[in-house]
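Read through the structure below, which is laid out as structure tokens, and then see the notes.
Order of the sequence lines sets the chain letters (A, B, ...), proteins ahead of strands, with each chain counted from 1. The shown structure was predicted, so the numbers you read here are calculated from the model rather than taken from an experiment. The figures here come from the full heavy-atom set of this structure, side chains too, leaving out hydrogens, waters and symmetry mates.
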2 protein chains.
Amino acid sequence: MKKSSIPPKDPLQAFGRRLAELRKEQGISQEQLAYMSGVARSYVSGVERGQRNISLINITRLAEALQLPASKLLE
Amino acid sequence: MKKSSIPPKDPLQAFGRRLAELRKEQGISQEQLAYMSGVARSYVSGVERGQRNISLINITRLAEALQLPASKLLE
DNA sequence: GTGTGACTATTAGTCCGTA
DNA sequence: ATACGGACTAATAGTCACA
């Protein structure tokens with residue numbers, strides 16, 4: 001991106017924390033979530049740590065694996 | 001990876017329709033939204049038509065430009 | 001069970017047009 | 001004002017070995 005004006009990295013960390021929180025609520029590991037959603041385990045790790053700018057399709061995949069609406073992950 | 005393992009594609013169109021809807025509610029043009037959020041106008045167009053897999057950072061930027069929570073765009 | 005750096009292939013996102 | 005391309009660059013997806 002070229003416009004580093006307002007919100008660069010915080011949304012990623014917020015999303016990551018939220019994801020980890022919801023995942024743990026269901027008592028599943030990153031490994032299991034990765035398998036269920038069809039993404040790499042190390043990718044789940046990176047997302048939860050706010051180091052990856054996840055795309056809408058993968059947000060949706062994770063939400064489905066957790067059986068939650070995608071919007072829930074952004075709250 | 002199992003690209004066909006879990007449903008993709010629809011979420012993009014759902015998001016695009018939702019974005020267009022919320023944008024029009026505020027009487028804003030794609031051009032204005034693009035400018036306010038710092039993304040390319042042609043990109044907003046592509047996103048609204050469900051042709052682009054937008055990332056979390058840009059979802060957040062659009063949400064801020066519309067002065068709405070990001071989760072609202074995914075509902 | 002998780003964090004991290006490195007890596008390649010793919011795509012997100014830009015900028016230029018045309019209609 | 002919007003749709004839709006092409007060409008381009010930067011960033012993401014996805015994987016791996018190792019900590």
inquiry  = Under a 3.5 Å cutoff, is there a donor and acceptor pairing between the side chains of A:R49 and A:Q51?
reply    = no

inquiry  = Among D:dG14, D:dT2, C:dT2, which nucleotide has an atom closest to any side-chain atom of A:R52?
reply    = D:dG14

ask   = From the list C:dG3, C:dT2, D:dA3, which nucleotide is the closest neighbour of the side chain of A:E31?
value = C:dT2

request  = Among D:dA3, D:dT15, D:dG14, find the nucleotide with the atom closest to the side chain of A:S42.
outcome  = D:dT15

message = Would you say that A:K72 contacts B:L74 through its side chain, given a criterion of any heavy-atom pair below 4.5 Å between the two side chains?
response = no

message = So if I take every side-chain heavy atom of A:R41 and compare against C:dT2, C:dA12, D:dA1, which nucleotide ends up nearest?
response = C:dT2

task = Return the value, rounded to whole Å, for the distance between atom CD1 of B:I57 and atom P of C:dG13.
result = 9 Å

task = Mind calculating the distance between CD (B:E48) and P (C:dG13) to the nearest angstrom?
result = 15 Å

B:Y43 OH to D:dA3 P, straight-line distance once rounded to whole Å = 15 Å

query = In whole angstrom, what separates A:L33's CG from C:dG3's P?
reply = 12 Å

inquiry  = Is it true that, when you exclude A:E25 itself, more than 12 heavy atoms of the residues, nucleotides or ligands shown sit nearer than 6.0 Å to its CD?
reply    = yes

query = If you check the A:N53 side chain, which of D:dT12, C:dG13, C:dT2 turns out closest?
reply = D:dT12

inquiry  = Both A:L56 and B:Q32 contact DNA chain D. Taking the nearest nucleotide for each, which residue is further toward the 5' end?
reply    = B:Q32

remark   = Closest to the side chain of A:A40, out of D:dT15, C:dG1, D:dA1, is D:dT15

message = What I'd like to find out is whether the side chain of B:R61 reaches to under 4.5 Å of the side chain of B:I57, using heavy atoms alone.
response = yes

message = Can you tell me if B:R61 touches the phosphate of C:dA12, counting only side-chain N or O atoms and a distance under 4.0 Å to OP1 or OP2?
response = no

query = Tell me: OH of B:Y35 to C1' of C:dC15, nearest whole Å?
reply = 17 Å

message = Please evaluate residues B:I54 and B:L19 with respect to the criterion side-chain contact (heavy atoms from CB on, under 4.5 Å), reporting the C-alpha separation (whole Å), side-chain torsions for both, the decisive distance (0.1 Å), and the verdict.
response = CA-CA 12 Å; B:I54 191 172; B:L19 176 61; over 6 Å; no

ask   = For the pair made of CD in A:Q51 and P in D:dG14, what is the distance, rounded to whole Å?
value = 17 Å

task = Quickly work out the A:N58 CG to D:dA11 C1' distance and round it to whole Å.
result = 14 Å

note = B:S55 has its side chain closest, among D:dT2, C:dG13, D:dT12, to C:dG13

task = Take atom CD of B:Q30 and atom C1' of D:dC4, then tell me their distance rounded to the nearest Å.
result = 12 Å

